[in-house]
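Notes follow the structure.
Chain letters run A, B, ... following the sequence lines, proteins first, then strands; residues in each count from 1.
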There are 2 protein chains.
Amino acid sequence: MSESARPTLSDVAARAGVSASTASLAFSGSGPVSDATKERVLAAATELGYAGPDPRARSLRRGRSGIVGVVLEQRVRTAFLDPVKIQMLDGITEGIAPLGAGLLLLTDVGAVDLPVVDTTGGVAAAPALSVENAPVDAVVLIGCSPRLSQTVAALRRRGIPTVAIEGAAGSDIPEISIDNRDATRRGAQHLRDLGHTDAAIVTLPLDPARTRGPLTAALEAGSTSDTASERLRGAREVFPNATGRSAAASSIEEGLEAGRVLLADPATRPTAIIAQSDLLAAGVLQAAEELGVAVPAEVSVLGFDGIRVDGLQHDLTTLVQPSVAKGRAAGEAVVRMLADDGGEPPASRCFTSVLHVGETTAPPRAH
Amino acid sequence: MSESARPTLSDVAARAGVSASTASLAFSGSGPVSDATKERVLAAATELGYAGPDPRARSLRRGRSGIVGVVLEQRVRTAFLDPVKIQMLDGITEGIAPLGAGLLLLTDVGAVDLPVVDTTGGVAAAPALSVENAPVDAVVLIGCSPRLSQTVAALRRRGIPTVAIEGAAGSDIPEISIDNRDATRRGAQHLRDLGHTDAAIVTLPLDPARTRGPLTAALEAGSTSDTASERLRGAREVFPNATGRSAAASSIEEGLEAGRVLLADPATRPTAIIAQSDLLAAGVLQAAEELGVAVPAEVSVLGFDGIRVDGLQHDLTTLVQPSVAKGRAAGEAVVRMLADDGGEPPASRCFTSVLHVGETTAPPRAH
DNA sequence: ATCCGTTCTCGAATCGATTCGAGGTCGATG
DNA sequence: CATCGACCTCGAATCGATTCGAGAACGGAT
């Protein structure tokens, strides 16, 4: 046992002259162990270079791994480029703090086991870590994706407590969301109150393919993104006939792209643009600047999220959503679901966004 | 066994009329099992709603968890706000792809077990997940921190393969770094070649306390950040007497703060500012704009990293470092260390940065 | 009919710790 | 002096799967 291999708890116990069970108690602290014994065990551990109980064995026995999974819709990189997601992640971290758990990043691209032959010729037989087989105590789903239902099914089968942020996952899964529709409606109403009648919309990706292009009826009908759809509906409540563009991602670049198209022709140019995220709005602002279109004199721009886009000189009119609070709520829901008494699952929560009127909206220029 | 509890592999085996070992083989695929048997097992699994082998048990037996830990120096949020870190994370993801492993986020704030009393009155006895006890197969350290040596000691004791990005962790730990010193020297030389003699420096955090303020000798001497120190040395090779400010973080806000101070007084204003990150540089640019100091006419600004600061209108002169490649290299090193043959540890690698001359540097204005 | 080799299946040991009830020691009390 | 607790410590079972060597069944060859 004490070859060159790493020492185990039994080794430590043997060295300290106690049983493995006692050594375990000495370590976990949860149990009546005399100080003398405890010290002896700890001393033996030090002498042997014992690094503490193996987390794998511990988690098998305890049934808990101390890990909370976070499922992102896309590549890790993509998620990290979106300030809103980052804020939510941070909120989750706060929310699960009482658990002392770690965050495991997972994507929901499905468990495709890669038949990889590594450079040394060995074959990695292990299937990729996914929501199907990750050693997590609970999972937070961020955003909805085409694979959402499969992901949820797998989690349900495994009996893993799950919370969803922005994405209807099923009745038994608490959902943390915001008033996407009503908030957008209020933002749109603000524009209408200013006198705008001709607004265009720049949406978040609507379909799994993340189609970039004009906002067609077909695209809208086939939307798989609740968030985008709801915000779109809210805008339509005020501007029923608004057209626009669908972006391939929530990014400044995509906003720039859409803005260029929408603002290109002075004749058909809308007097207001409703962007479904601040990043998109920032892109639109850049496009306006590029094209020499004055904001807000010639075109008003409305964002969504309320992130501070660093380096952006404008004070954007936007719908400020409590991203961190959402993440925290999700984390707290996880904590509650993991509580010993295992009470009833926490209720879904819907947060409220606040319209922040900045300097990017104004009455349309009189003709 | 088949109460309301989740079914185990034995349950499935029993239902299929085979032994547990056979069922295991049927699942893992690694072993001679007749097709008929395999199908029967799979069918039984479906009927029972078996979700696949428990990852906890599997990892105990196999000795691998399929998780790679990433240790960040600070709060998760802080790390995610830095594009360089994100790019590295993304690179790591790419690098470890052949492993099919997940990424576990850890911070190196030490294993303070929180005596938390949860809302239901129960006490969360479990110590927080940390580098001391996380079920990881390998770890990537990002950036150096005051606790680096302790972190490394714990990992060494546990026998966990470790790779460090930007931070000398010890001779047996492969390090992925860049030519911080020489790159900065080249950047500074570019300024000197343009005719600058009076340059100021805005450094990354130097000490554990992340002191913000003037760049004092004491601060420099007590630096615990290799990266900051090396870049500082590089700058000093060209501008030996350069003074400057030390920032509390790599962020636009901190750069703005430092820039305001450095550019405030026209009499003492330097003609060039060497910022140790692009975010800091972006902040300096904002400060210049605020104060009506023309860039590059009145002051030249040099950055470091080569990230594209979204929304930044300037084409920043900067040292472009291959962040993604660094991450990928770290990931690949991990893969190699985890290879079955367990060959010798991969060598450290030092990448090279490239000076990108943008529009924020020019000859100093003639008096 | 016997023997041999294949091909599949099984039993038992193992991974390393945790947990619970049983048992043992020792001091204090009646 | 015997008895009752209090306080520790220990043994054994358990968590759920993987793995390895042994054994069984079966077909073919001699």
Using a heavy-atom cut-off of under 4.0 Å over every strand shown, decide if [X] touches base, sugar-phosphate, or nothing.
X: Ser34(B); value: sugar-phosphate
X: Ser21(A); value: base
X: Pro53(A); value: sugar-phosphate
X: Ser59(A); value: nothing

Write down the distance between [atom1] ([X]) and [atom2] ([N]), rounded to a whole number of angstrom.
X: Arg158(A); N: dG16(D); atom1: CZ; atom2: P; result: 13 Å
X: Phe27(B); N: dT19(D); atom1: CZ; atom2: P; result: 15 Å
X: Leu25(A); N: dG21(C); atom1: CG; atom2: C1'; result: 13 Å
X: Arg56(B); N: dT18(D); atom1: CZ; atom2: P; result: 14 Å
X: Leu60(A); N: dT18(C); atom1: CG; atom2: C1'; result: 10 Å
X: Tyr50(B); N: dG16(D); atom1: OH; atom2: C1'; result: 8 Å
X: Arg62(A); N: dT14(D); atom1: CZ; atom2: P; result: 19 Å
X: Arg6(A); N: dT14(C); atom1: CZ; atom2: P; result: 21 Å

* **Sequence-distant partners of Thr162(A), side chain to side chain donor-acceptor pair (under 3.5 Å), two or more places apart** =>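 For Thr162(A), no residue satisfies side chain to side chain donor-acceptor pair (under 3.5 Å) once neighbours in sequence are set aside.
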Say you draw a straight line from [atom1] of [X] to [atom2] of [Y]; how long is it, rounded to the nearest 0.5 Å?
X: Leu103(B); Y: Thr93(B); atom1: CG; atom2: OG1; value: 5.0 Å
X: Asp137(A); Y: Arg62(A); atom1: CG; atom2: CZ; value: 11.5 Å
X: Thr22(B); Y: Leu9(B); atom1: OG1; atom2: CG; value: 10.0 Å
X: Ile165(A); Y: Ile142(A); atom1: CD1; atom2: CD1; value: 5.0 Å
X: Glu94(A); Y: Glu332(A); atom1: CD; atom2: CD; value: 9.0 Å

* Asked: What residue pairs, at least two apart or across chains, pass salt bridge (Lys or Arg N to Asp or Glu O under 4.0 Å) with a residue in residues 157-177 of chain B?
  ->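 Every salt bridge (Lys or Arg N to Asp or Glu O under 4.0 Å) pair that includes a residue of residues 157-177 of chain B, provided the two are not neighbours, is Arg156(B)-Asp172(B), Glu166(B)-Lys326(B).
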Has [X] got a side-chain N or O lying under 4.0 Å from the OP1 or OP2 atom of [N]?
X: Ser28(A); N: dT18(C); answer: no
X: Thr22(A); N: dT9(D); answer: no
X: Thr37(A); N: dT9(D); answer: yes

* For the side chain of Asp54(A), starting at C-beta, report the closest nucleotide among dT9(C), dG16(D), dA17(C). =>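 Comparing dT9(C), dG16(D), dA17(C) against the side chain of Asp54(A), the answer is dA17(C).
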* To do: Could you say whether Arg61(B) or Leu9(A) is positioned toward the 5' end of DNA chain C, judged by the nucleotide with the nearest heavy atom to each?
  =>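 Taking each residue's closest nucleotide, the earlier one in sequence belongs to Arg61(B).
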* Would you say the side chain of Asp11(A) lies within less than 4.5 Å of the side chain of Tyr50(A), judging by non-hydrogen atoms? ->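 A side-chain contact under 4.5 Å is absent here.
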* Asked: Could you give the angle between the helix axes at the two ends of the helix from dA1(C)-dT30(D) to dG30(C)-dC1(D), with five pairs per end, rounded to 10 degrees?
  ->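 Taking five pairs per end, the axes differ by 60°.
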* DNA chain D: Ser19(A) or Ser10(B), which has the more 5' nearest nucleotide? ->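 By nearest-heavy-atom nucleotide position, the 5'-most residue is Ser19(A).
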